[in-house]
Peer 1: 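Quick one: structure below, then a few questions.
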Amino acid sequence: MSPALLAPLALGALAVLAIPVVIHIARRTQTRTIAFAALRWLNPDPKRRRRLRIDERVLLAARLALLAVIVLGLALPVLRDLADDRPVFAVAPGLAPAALPTPQDHARRVWLAPGFPSLDSAMPTGAATADIISLIRQLDADLPPGVPLELVVPAVLDGVDAERPRLSRTVAWRIVAPSQPSAPVARSATVPAPPRLTVRYGPTAERQVRYFRAAATAWTSPDLRPAFNAAPIDRPLGSDPGVLVWLAPGVLPPDVVAWIRAGGVGLLSSDAVLPFEGEAVVVWRDDAGQPLAMQGLVGRGRVLHLTRPLTPSAMPAVVQADFPDALARLLSPPPAPARVAAVDHAPLTGGPAPQLPPLDTRPWLALVVVLLFGIERWLATRRRRAVAP
Amino acid sequence: MSPLDLPADLRSRLRRLSLTPRRAAVLPAAGQHDSRNRGGGLEFAQYRPYERGDDLRRIDWKLYARSDRFFVRDAERESPVAIWIVLDASASMSQADLATPQWSRFDAARRLAASLIEVALHQGDRFGLMVASAGAPVVIEPGAGPRHRDRLFLALAPLRPEGVANWARDVPVLGQRLGPSDLVLILSDGFDEACVAGAERLAASGRDVALIQILTADERDFPFDDGYRFEDPESDGHVVGDGRALRADYLARMAEARAALVARLESHGVRHALHVVDETADRPIRALFREAART
């Protein structure tokens with residue numbers, strides 16, 4: 001535990017301590033008048049002995065303390081390194097208790113779950129346990145540097161991200177068998193169904209519909225009818241349009257915008273107008289690296305906005321052989337791989353050292369201020385206080 | 001606490017005191033000058049046989065011629081000693097201590113006067129009063145007896161010290177009324193030069209004069225610790241200063257002035273005593289007349 005000041009320059013306000021001191025001195029310089037007949041034996045010009053005499057020292061001390069604490073509060077005092085520095089023994093939920101290694105005696109034993117409940121409490125279940133790598137990162141960031149961390153995880157981790165976690169410390173990575181066997185791992189990934197296209201085109205864009213019809217035909221096997229629906233823009237969208245391809249200039253009609261906002265996916269031609277909410281990212285580039293489509297969010301829906309007109313001269317990709325694949329990736333991107341063997345996903349070291357938030361002591365100082373103010377008022381207003389001259 | 005009501009313990013101590021004129025030693029056979037005894041007055045009292053030591057001039061020679069024996073004329077004498085109490089009622093007498101603001105120097109002086117009257121009454125002497133103040137002087141001719149005491153108390157009770165006493169005017173007024181063997185007791189703070197000079201003048205004319213200087217405890221101790229503005233009640237002079245800074249110098253100067261006053265009074269034959277307002281009133285009387293009783 002080490003105290004520190006976040007704004008030490010505020011201590012310059014300690015100069016206000018001079019005010020009560022001056023008040024208590026100034027009261028002394030006033031003189032009382034008394035009759036004194038033996039005046040002729042008083043030296044009319046005594047040597048000036050400037051002695052600072054302080055009146056009511058207890059009251060002055062209370063006032064000085066009050067001001068000092070207030071100024072100290074302005075300087076934002078904090079206490080660092082207050083965290084628990086016992087070793088931590090964290091267990092991923094779902095592991096058999098009998099298989100757990102024995103932790104050190106004084107270790108803090110927690111579940112790897114949000115809030116890090118104690119191991120003595122019930123095993124957390126459900127979606128809360130999903131993102132185990134994120135929880136490991138959080139646990140590492142919450143612990144002071146140098147605290148040993150022991151992690152007990154199942155042999156297979158789900159929901160991991162692409163990078164091995166990089167922590168600030170070396171952790172003990174223990175792998176045990178889960179209490180119930182996990183679902184069998186699918187050997188071959190199921191091919192997702194191709195997106196169903198609903199094209200609405202303006203009067204000038206009828207020629208561009210064929211690219212999408214060709215793509216939809218390419219996605220389906222030859223004996224099936226492609227899931228494709230093209231119509232002018234004045235036709236309604238239907239109950240389940242799939243992916244909307246909008247090929248018309250100008251602002252989209254309100255019902256289409258409302259459908260996108262409710263969670264639909266739309267691909268807009270370059271002359272359609274629908275502003276993104278938030279940031280737009282480039283999701284499709286040509287061979288030269290020039291952006292072809294931007295993706296952004298509108299409400300809860302996703303909008304892909306082409307940056308060029310849909311002509312072979314402006315956008316050669318539409319006539320190339322891999323246009324259906326590119327369009328499929330664009331409309332329904334494949335999920336990222338998220339399952340890994342725990343052996344291969346042991347955390348790396350070398351992450352940034354955790355910066356623990358310091359404890360703000362101002363609420364306690366406020367309590368002290370109130371207490372001191374009460375003492376000061378009591379001293380200043382008590383009955384047997386000497387009458388101030 | 002009225003200054004004229006004497007506490008019982010003070011009264012009992014006063015009973016053992018006496019006011020003795022300095023000239024008591026040279027009064028032949030006066031003793032304690034009991035009243036109604038025989039002495040050298042004008043009124044004839046009786047004849048008594050001559051005794052050794054009697055003044056030859058007092059022998060009645062005509063009676064000797066008739067009876068062939070020596071007789072001495074004795075006269076009835078009134079009490080030969082009148083005790084004059086001179087009270088200073090100038091503004092400086094109103095000063096009181098910081099600790100006891102209701103007991104002023106003038107109160108102490110009046111209690112001392114009441115004590116002197118008590119002693120004088122007890123020993124049968126006559127006593128008179130003069131109050132020196134800014135206005136016309138209050139003079140009560142000497143008399144004896146409890147009724148006269150009450151008369152004096154009646155005059156003392158309503159007095160308020162104010163202004164500057166005119167000693168140069170009042171001392172001759174007193175001098176005209178003084179008998180040859182009268183005792184004058186001046187109760188004052190002794191700060192007024194004219195007061196001391198008047199006492200000296202009375203002493204120089206052969207009167208028995210005593211000055212009881214009355215100081216306040218503040219003047220004796222100077223217990224002031226803070227800054228004060230000291231004001232002279234009889235002039236517009238003032239001194240502003242810190243009590244601690246002034247104290248040592250003041251005490252030295254005050255002792256010096258007191259010694260100078262004592263030396264001056266001694267050299268003029270004025271008896272003197274010091275009374276501080278926080279002391280009992282019998283102490284200055286005892287101090288003043290113990291010495292006289294010894295001579």
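Residue numbers start from 1 in every chain, and the chains themselves are labelled A, B, ... in the order their sequence lines are given, proteins ahead of strands.
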Peer 1: Would you mind checking which part of B:R247 comes under 4.5 Å of any heavy atom in chain A, side chain (CB onward), backbone (N, CA, C, O), both or neither?
Peer 2: neither

Peer 1: Hey, is CZ on A:F373 packed in by over 12 heavy atoms from elsewhere, all under 6.0 Å?
Peer 2: no

Peer 1: Could you report the tightest heavy-atom contact between B:E219 and A:A38, atom names first, then the distance?
Peer 2: OE2-N, 3.7 Å

Peer 1: Got a second to check how far B:R229's CZ is from A:I34's CD1, nearest 0.5 Å?
Peer 2: 11.5 Å

Peer 1: For a quick test of reading the model, state the closest non-hydrogen atom pair linking A:A37 to B:Q95 and the distance between them.
Peer 2: N-OE1, 2.7 Å

Peer 1: Are the ring centres of A:W41 and B:F191 closer than 6.0 Å?
Peer 2: yes

Peer 1: Which atoms of B:L251 are under 4.5 Å from chain A, going by heavy atoms: the side chain, the backbone, both sets, or neither?
Peer 2: neither

Peer 1: Could you report the tightest heavy-atom contact between B:R253 and A:R40, atom names first, then the distance?
Peer 2: NH1-O, 3.8 Å

Peer 1: Compare all side-chain heavy atoms of B:D232 with those of A:F36 and state whether any distance is below 4.5 angstrom.
Peer 2: no

Peer 1: Could you walk me through whether B:F222 and A:L42 satisfy the side-chain contact (heavy atoms from CB on, under 4.5 Å) test, starting with their C-alpha distance in whole Å, then the side-chain angles of each, then the deciding distance to 0.1 Å, before giving a yes or no?
Peer 2: CA-CA 11 Å; B:F222 207 73; A:L42 280 180; 3.6 Å; yes

